[in-house]
Amino acid sequence: MTKLQIEEVETRPEKTILQRFFRFVKKNPAGFVGMILVFLAVGSALFAPWIVSFDPSKASLTSRLDPPFWADPSGESTFFLGADQLGRDLFSRIIYGARISLMVGFFGVLISLVIGTIMGLISGFFGKWLDDLIMRVADIQLAFPFILFAIVIMSVLGTGVWKIIIILGITYWVGFARLIRGQVISLKEQEFVHAAKAIGGTNFTIIRKHILPNVMSSILVLGTMYIAEFILLEASLTFLGLGVDPTIPSWGGMLADSRNYITSAWWTSVFPGIAIMLTVLGFNLLGDWLRDKYDPNMKM
Amino acid sequence: MVRTLMEVDKLQVGIQDDGIKTAIVNGISFQLNEGETLGIVGESGCGKSMTALSLMGLLPPGVEWQSGDIHLNDLHFKDFSKKDWRKVRGKKVSMIFQEPMSSLNPVYTVGKQIIEMILNHENIDKKQARARALEMLQLVGIPRPEQVLDEYPHQLSGGMRQRVMIAIAMSCNPEILIADEPTTALDVTIQAQILELMKKLQQQLNMSIVLITHDLGVVAEMCDRVIVMYAGEIIEEAKIVDLFDQPKHPYTKGLLASLPDINEQQEYLSSIPGMVPAPGSMPSGCRFAPRCSMVHERCTQSPPLIETENKNKVRCWLYDEAKLEVMTK
Amino acid sequence: MIEREELLRVENLKKYFPIKGGVFGNTTTQHVKAVDGITFNVKKGETFGIVGESGCGKSTAGRTIMRMMEPTEGKIFFQGQDITNINKDEMRKLRKDIQIVFQDPYASLNPRMRVYKIIEEPLINFGITDKAERHRRVLEVADQVGLSQAQLKRLPHEFSGGQRQRIGIARALISKPKLIIADEPVSALDVSIQSQVLNLMKDLQKEFGLTYIFISHDLSVIKHFCDRIGVMYLGKMVEVSEKNKLYDDPLHPYSKALLSALPSPHPLQKKERIILRGDVPSPASPPNGCTFHPRCFSCMEVCKAVKPELQLMDENHSVSCHLYKTAEVEYV
Amino acid sequence: ACSGGGNDKTEGTKKEANGKNPAADRGNEIVVGINSDPQSWDPIDTFLLDWSTVAISVFEGLVERDLDLELQPGLAESWEYLDDSTLEFKLRQGVVFHNGEPFNAEAVKFTFDRLLGEEGQKGPQYSNYTSIDSVEVKDEYTITMKLNSPDPVLLTKLAGYGAVIVPPGYVTEVSDEEFNDKPVGTGPFKMTGYKRDQEVVLEKNEDYWKEGLPKLDKVTFKIIPEASTRLAELQTGKIDIMKRVEVAQTKTVKDTNFLKLEEVGTPTVFSLRFDTANAPLDKKEVRQAINYAINKDEIIEEILGGYGIPISTYQSELSFGNNPDLKPYAYDPEKAKEMLKAAGVAEGTELDVFIPGNDGNFKEITQAVAFYLEEVGLKMNINSVDNTTLISDLIPNGKAGHMYRQGWGGWTLDFDNTAYLMYHEGEQWNPSFKDEKVEELLAAQRTTVDQDERHKIFMELTTLLYDLAPEVNLYQAVDLYAVNERLENFQPPHEDRMRLEEVTVK
Amino acid sequence: MIAYLTRRLFHTVLVVLAISVIIFFSIRLTGDPVSVMFSAGEPSKEAIAEVRTALGLDKPLYVQYGIFLKGIVTLDFGESFRSGTPVIGLIFERLGATLVLALGGIIVAVLIAFPVGIISAVKRGTPVDFFGRIFSLIGISFPNFWLGIMLILIFAVNLKWLPSSGFDGLSSLILPSITLGMILSGILARLIRSSMLEVMNQQYMSTARSKGISEWSVIIKHGFRNALLPTITFLGLQFGSLLGGTVIVEQVFSWPGIGRLIIDAINQRDYPVIQGGVIFLAIIMVVVNLIVDLSYTLIDPRIKAGRGGKS
Ligand SMILES: Nc1ncnc2c1ncn2[C@@H]1O[C@H](COP(=O)(O)OP(=O)(O)OP(=O)(O)O)[C@@H](O)[C@H]1O
Ligand SMILES: Nc1ncnc2c1ncn2[C@@H]1O[C@H](COP(=O)(O)OP(=O)(O)OP(=O)(O)O)[C@@H](O)[C@H]1O
Ligand SMILES: [Mg+2]
Ligand SMILES: [Mg+2]
Ligand code: NI
């Protein structure tokens with residue numbers, strides 16, 4: 001009898017990148033929209049000087065509150081999105097503003113992520129008194145009013161973008177810690193973690209090689225959502241008078257400082273508002289998409 | 001003459017991705033007779049559960065009914081609306097799932113879950129429904145049924161939960177009971193209890209059972225007729241004794257041979273090399289060919305289901321009349 | 001029969017888990033007596049099978065032996081050395097010699113680690129720093145269990161259950177252990193795959209002279225694979241016997257029921273069933289006396305009150321049941 | 001009335017023709033939107049301008065300042081200095097407190113004993129009146145006030161918050177605590193309702209001693225912290241008067257047909273003050289150069305919409321001691337550059353500025369200042385910080401960088417208050433400035449009650465300070481009120497004390 | 001149960017104690033209440049010293065802390081520096097308004113998030129899901145003050161449907177509740193969606209369908225009931241922090257809530273009010289947490305040890 005080699009045939013042809021891309025867009029329109037928005041924001045932040053020709057901090061009191069040129073009946077205005085209360089070009093400020101907003105979002109999240117992850121890992125993995133201790137510290141952090149915390153830190157360390165980043169980072173570690181703790185508690189009982197112990201792994205290797213990579217996706221998901229939240233918090237801090245240096249363009253600052261002009265010069269608050277909204281929306285959609293992608297229940 | 005209760009006609013179920021249809025269950029046909037137990041066996045992932053779920057109209061999202069039909073008496077499931085399905089489910093066809101631990105809703109009492117079913121199909125009041133539920137629990141042999149009625153699923157053991165599931169499935173006297181691996185998650189001794197119970201109930205209520213399993217022992221124990229599935233297709237259909245005595249398809253043979261025999265000491269078990277192909281990458285021709293020890297040229301073409309003696313069927317060129325010609329060439 | 005050297009000896013091993021009681025799960029009111037005083041030994045090169053219903057403590061026994069969990073009571077001797085109380089780091093190093101293969105091939109592999117890394121990891125843990133050496137041994141062991149080099153670059157989810165179990169076996173094997181505890185290594189697999197894995201394990205045993213503790217609830221698999229068998233019920237060994245003796249002449253009523261519950265391999269071969277009553281009781285509140293008595297078909301008055309001891313019936317066969325209590329039996 | 005000084009950038013405002021006055025049918029009562037709640041109505045506990053906005057209608061002092069800030073007899077009909085340290089007051093007769101208690105010499109004595117006693121010492125008002133030694137009852141309607149040192153501004157102070165007369169019977173009867181919430185005075189309105197942080201309800205005092213006053217039956221003050229919300233309430237007719245209209249909001253007010261904008265100059269002035277301990281600001285020339293570099297007129301014109309008044313020293317034109325001969329430093333960036341160069345200040349020298357983060361207007365101003373300073377080669381780092389931290393920690397401890405914002409009113413309307421606190425060595429808000437001659441003049445003006453003499457000293461002092469330039473004096477604030485057209489006779493107060501007894505509605 | 005409560009109580013005491021220490025010392029780092037009082041007065045150094053004595057601020061720190069600690073035990077946080085009113089009274093004055101607003105916010109959030117979350121999950125991947133999610137995200141895409149001001153401009157100024165501020169009657173509650181609720185609903189809808197998705201995959205959903213009951217009945221009775229548990233935990237915790245006040249919403253809508261009380265106190269460095277308020281809130285938070293934990297185990301018939309790690 002002849003042995004016959006029967007080929008396993010792929011019934012599905014290999015896809016080109018473009019096809020795969022369209023498939024992705026079709027299957028995850030929300031994720032795609034999110035990605036585009038995030039790209040736009042990050043792009044503005046990175047390439048601001050190439051995008052705009054105006055100096056964002058160039059004040060000119062004579063063009064104070066000039067409307068966008070297309071909405072200016074007198075036709076004098078030369079500003080694309082109008083000018084702000086110091087006659088600075090709103091468009092370039094919005095483009096440059098992406099820098100502070102994203103910086104606050106990104107580094108703030110980075111700090112809280114690092115602290116929270118370490119705390120969550122320790123708390124979930126070792127349990128017992130360490131867990132109790134860390135969770136109580138988390139309770140304390142939660143019960144302590146954020147604004148007061150901000151004022152205390154600022155009066156000790158001074159003000160500035162980095163101070164805001166530190167404050168947000170320190171305040172929001174709790175979210176990460178709790179999330180990760182919960183996951184570690186269930187991961188720790190997973191067979192592959194037992195297996196890691198059985199093959200002679202130390203606690204440190206187990207955490208590093210087996211636990212951490214498996215919580216990474218949730219960290220990422222929460223991270224994107226916190227970036228969005230931090231962008232808004234920077235705005236709120238400015239509203240309460242604890243914001244960044246007003247000469248540095250930031251969306252939150254622009255929005256907070258222009259709130260009295262909402263009725264008289266709508267563009268001063270509407271455009272930064274839209275910028276914030278789109279970016280926040282973008283990060284949230286991205287986070288949602290990541291969540292769906294990494295949600296084990298969604299896997300087929 | 002046995003009456004045919006249900007007939008599955010070239011049922012094809014699959015997924016659709018980017019306009020490309022992939023069949024998970026590939027055009028299967030079989031009949032279910034009144035009062036008989038039909039076994040469906042096959043390796044994990046071969047489409048047993050999908051077949052069962054199609055009979056209930058409960059295909060998971062993403063998996064679609066692609067073609068074919070199912071007839072139950074004069075009903076044609078193919079063009080059923082949601083509402084039509086609701087009348088069939090539970091009343092005419094009932095189902096027990098594989099996982100006794102997660103098949104019951106954790107937040108409702110056992111009683112509530114049985115009563116829900118009864119109220120949905122029978123025109124009786126709550127009190128009567130409760131009495132009926134109690135009766136059902138007694139029927140499936142649950143000790144202290146009055147209390148259990150008001151307990152939550154987590155308070156019961158796996159075996160008891162599976163009995164509750166059976167009670168639910170039976171509560172409206174269905175004509176057909178589909179049991180998708182009803183004992184896989186249970187212990188041997190409990191499995192024996194449940195199988196015993198199903199046999200008893202079948203006799204009492206005269207239903208037909210479709211029993212899905214990959215345990216050939218269970219099949220031997222319970223079934224009258226067996227369908228062997230491989231990679232979404234029926235590859236053999238036989239009377240139970242015929243299957244065990246003269247398995248025809250090389251896959252069935254391999255399957256039977258790889259069971260350790262309790263009565264014999266073997267150094268090594270025989271095994272089928274390789275694994276079941278995934279739905280997306282089926283071999284052309286005979287789907288078992290890559291693993292088959294009897295493979296030959298003909299196998300590059302898909303074999304039809306060939307009827308052999310006793311109305312048994314097998315999907316293999318070896319049993320084709322024309323086979324000899326090919327082999328002699 | 002050749003008298004073989006003893007590799008492992010377990011004496012009166014107990015493992016109790018505190019139950020988090022109360023509505024809120026934090027007051028310890030009771031204990032789950034998962035393993036409640038088991039005694040047995042395993043000889044070099046043999047396969048010792050442990051069989052029993054789900055939850056009877058098989059896995060716990062296995063894990064306690066390799067001190068993945070600390071035993072509540074009892075002693076474990078490995079190669080004559082008492083390893084019950086050696087410190088954690090020494091134990092960690094000892095795991096080079098005692099390895100485990102898990103029941104669930106899906107859950108026991110880190111889903112985000114490449115197969116190569118998974119197999120290599122024990123070597124790193126046991127201090128083999130030479131990368132080339134590690135590479136050589138990974139390839140070697142992969143070859144032994146039948147994994148191709150290309151497959152090593154993949155992630156576990158790209159494998160079938162049987163292949164994953166091979167990965168698990170390779171990981172256990174790479175440190176060249178003397179004893180492998182196989183905790184239901186084939187329960188999650190299909191029959192046809194199951195035989196592949198069992199054959200592989202048998203090959204490896206021959207090649208390396210491995211000793212197995214083989215845990216399973218499938219009597220036919222146990223019979224096929226093991227030399228001696230311990231039957232567990234609710235944390236206790238109710239019968240320990242040489243294989244054929246147990247299958248030909250089970251003594252304990254539970255062993256009898258278990259064997260009879262096995263579905264017959266052929267439809268015409270209908271056999272007399274012993275259908276047990278009721279469910280397995282909870283190990284948190286085991287019945288008094290003989291723990292099996294509520295389900296036992298030959299229960300006597302004495303069974304309800306007195307715990308039976310494991311007694312030697314003849315060479316290589318002991319049972320713990322009042323039915324066989326004779327004056328001359330000696331206790332193990 | 002005094003000048004406001006605003007002018008319209010957008011002249012010829014178009015008002016909505018069809019806008020109906022939504023407050024038209026409220027009747028003979030008005031609602032006022034204010035921005036904060038002083039929390040306690042006890043006069044000895046407070047120093048908040050917002051207190052006076054409401055309390056001026058409830059309490060009265062022996063002396064009062066009218067809307068034009070002229071001193072007038074209040075509960076005292078007349079007074080005279082018996083000697084340098086004794087003052088005698090004749091009290092008004094027939095006045096009763098809201099609770100029916102009679103106003104008399106006992107009440108006055110009680111008031112001052114309380115202010116200067118234990119209770120008063122817990123509050124900030126006490127320190128203003130420490131020059132009073134005691135108050136003695138001469139007869140039912142005459143008291144004498146003994147002073148322990150001459151106090152040239154005593155009479156002004158008696159028109160201040162702490163010196164309003166409280167009813168002795170009531171205060172002793174109800175506890176101090178209750179008095180905080182349910183104040184009783186002799187004013188034109190009595191307080192009949194107070195919900196903390198929500199509203200204060202005043203009702204007409206039928207027995208008010210001024211004939212025919214007040215005209216309104218009821219006044220409700222609503223506390224609305226957010227300016228945008230306040231304006232919304234005004235636009236929807238929920239309030240009739242809005243206090244603290246932001247410059248940004250003036251256009252909306254002017255565009256609404258049933259609203260009018262009222263402006264009034266206040267005693268409060270805003271400056272960027274120098275911490276002269278920090279180089280290069282220890283050099284007078286540098287400070288002057290910075291003064292030259294900033295175009296204050298443009299700031300007032302553009303950012304403040306004209307609602308601000310230029311000043312030359314750290315006081316308003318309302319202040320006794322203001323020197324009209326001094327003109328604000330002119331805008332002369334060239335000169336500034338030269339001076340900086342001469343003083344050896346390098347191009348690109350960085351200056352830290354501290355401003356309170358919650359003052360939106362000033363943020364804009366500071367940014368404009370930064371812009372001007374950049375033109376002359378100085379780089380300004382703006383730190384916007386919590387206001388309270390700034391005034392209670394950073395400034396007193398000299399941690400507020402090179403420059404910091406300070407606004408100051410000088411509640412006595414006498415330059416003494418400002419000058420002494422800001423330039424006298426060791427004062428709370430003077431971290432570093434020190435000048436011998438200034439010290440001398442400050443001391444001199446305090447030792448005499450002769451106002452002409454003091455005026456002369458102040459003229460010398462202001463000239464000196466102008467030259468020393470311890471701050472950049474930016475502007476005198478103009479308060480903006482938006483008022484519903486249905487109100488008549490409402491005159492915006494210079495110093496927040498909203499007098500409502502003459503107000504009527506159409 | 002008793003042991004559990006004792007342990008929780010012990011932890012509560014520890015947390016409150018720690019917060020008391022932190023709050024006590026940290027506010028003293030940030031400026032001085034007496035200078036603030038004099039911010040428009042004539043603050044001679046002597047005057048300041050006298051007031052400080054009168055307020056008891058000249059006592060050694062440990063004595064002051066002792067007084068504060070004693071106050072925590074007796075729930076007497078002293079009198080406000082600013083108004084002279086007992087702090088506890090000030091807090092209770094606000095409690096009503098705060099509760100009402102928190103409830104209002106939660107109701108709005110629930111009204112928006114429940115339908116959106118459920119429908120999004122059920123119609124996962126369809127345009128309905130897409131727009132549902134975007135809709136629920138809008139609330140968390142704007143800074144809350146901006147959202148609040150916009151709502152005022154639209155609904156109060158332009159449409160004249162609702163009052164723009166104040167605390168009287170149901171109508172004044174609507175806009176602040178919407179502002180708060182929109183923010184909450186974004187997170188809540190997402191939570192419901194994902195727990196619904198999780199639940200939808202459960203075997204018991206198929207069981208329910210196999211009974212022949214209608215799809216919506218399956219989704220609501222069997223699906224949603226199970227998805228509700230994490231939702232309730234979340235709402236409980238959220239309610240706790242809403243009581244802490246949402247300063248900005250309160251400020252924009254002139255709502256007399258606890259948040260504003262504390263922020264005003266912070267601005268004035270009114271130590272007793274800050275200390276009392278923060279401790280009071282901390283206690284409330286811990287108690288609410290406890291209630292949530294208790295109710296969670298009671299609502300869920302599966303009493304599983306070690307559960308509740310997820311928040
Ligand atoms: N929701 C789904 N979407 C797409 N494919 C699916 C889905 N569910 C199952 N499949 C695929 O359909 C095939 C058949 O699955 P099915 O559950 O019917 O197998 P089975 O024979 O019941 O196996 P088992 O013995 O493991 O229960 C599998 O290959 C599986 O991957
Ligand atoms: N970490 C633990 N904490 C508490 N109880 C446990 C723990 N591990 C196991 N148990 C309990 O101990 C008993 C024995 O469990 P074990 O896993 O050893 O059983 P098994 O015989 O291996 O069962 P299976 O066949 O299902 O794997 C069970 O009742 C189980 O619930
Ligand atoms: Mg299946
Ligand atoms: Mg096990
Ligand atoms: Ni005037």
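Computed from a prediction, not measured in an experiment: that's the story for all the values here. Below, chains carry the letters A, B, ... as their sequence lines are ordered, and counting in each starts from 1. FYI, side chains are in, hydrogens and waters are out, and symmetry mates aren't considered; it's all heavy atoms of this structure.
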(request) Sort out for me which of C/Leu109, C/Ile118, C/Leu123 touches chain A most, counting heavy-atom pairs under 4.5 Å. (result) C/Leu109
(message) With a 4.5 angstrom heavy-atom cut-off, is it the side chain or the backbone of C/Ile100 that approaches chain A, or both, or neither?
(response) side chain
(request) Taking atom CZ of A/Phe126 as the centre, report whether more than 12 heavy atoms of other residues, nucleotides or ligands fall under 6.0 Å from it. (result) yes
(request) To the nearest 0.5 angstrom, please state how far the CG atom of C/Asn125 sits from the NZ atom of A/Lys197. (result) 13.0 Å
(message) Need one label for C/Met66: side chain, backbone, both or neither, based on atoms under 4.5 Å from any heavy atom in chain A.
(response) side chain
(request) Answer yes or no: is there a side-chain heavy-atom contact under 4.5 Å between A/Ile199 and C/Gln99? (result) yes
(message) Between A/Asn214, A/Thr205, A/Leu187, who has the most heavy-atom pairs with chain C when the cutoff is under 4.5 Å?
(response) A/Asn214
(message) Taking side chain as everything from C-beta outward and backbone as N, CA, C, O, which of these in C/Ile124 sits under 4.5 Å from a heavy atom of chain A? Side chain, backbone, both or neither.
(response) side chain
(request) Measure the shortest side-chain to side-chain distance between A/Ser217 and C/Arg112 over non-hydrogen atoms and say whether it is less than 4.5 angstrom. (result) yes
(message) How close do A/Ala198 and C/Arg95 get, counting heavy atoms only, and between which atoms?
(response) O-CD, 3.2 Å
(message) Out of C/Lys93, C/Arg63, C/Lys96, return the one with the most heavy atom pairs under 4.5 angstrom to chain A.
(response) C/Arg63
(request) Can you see which heavy atom on C/Ser108 is nearest to which on A/Ala195, and at what distance? (result) O-CB, 3.9 Å
(message) Can you tell me if C/Glu70 has over 12 outside heavy atoms packed within less than 6.0 Å of its CD?
(response) yes
(message) More than 12 heavy atoms of other residues, nucleotides or ligands under 6.0 Å from NZ of C/Lys117: yes or no?
(response) no
(request) Give the member of C/Ser175, C/Pro111, C/Ala172, C/Gly168 that has the highest number of heavy-atom pairs under 4.5 Å with chain A. (result) C/Pro111
(message) Are the side chains of C/Asp183 and A/His194 in contact, using a 4.5 Å heavy-atom criterion?
(response) no
(message) Using modelled atom types and a 3.5 Å cut-off, is there a donor and acceptor pairing between side-chain atoms of C/Asn110 and backbone atoms of A/Lys209?
(response) yes
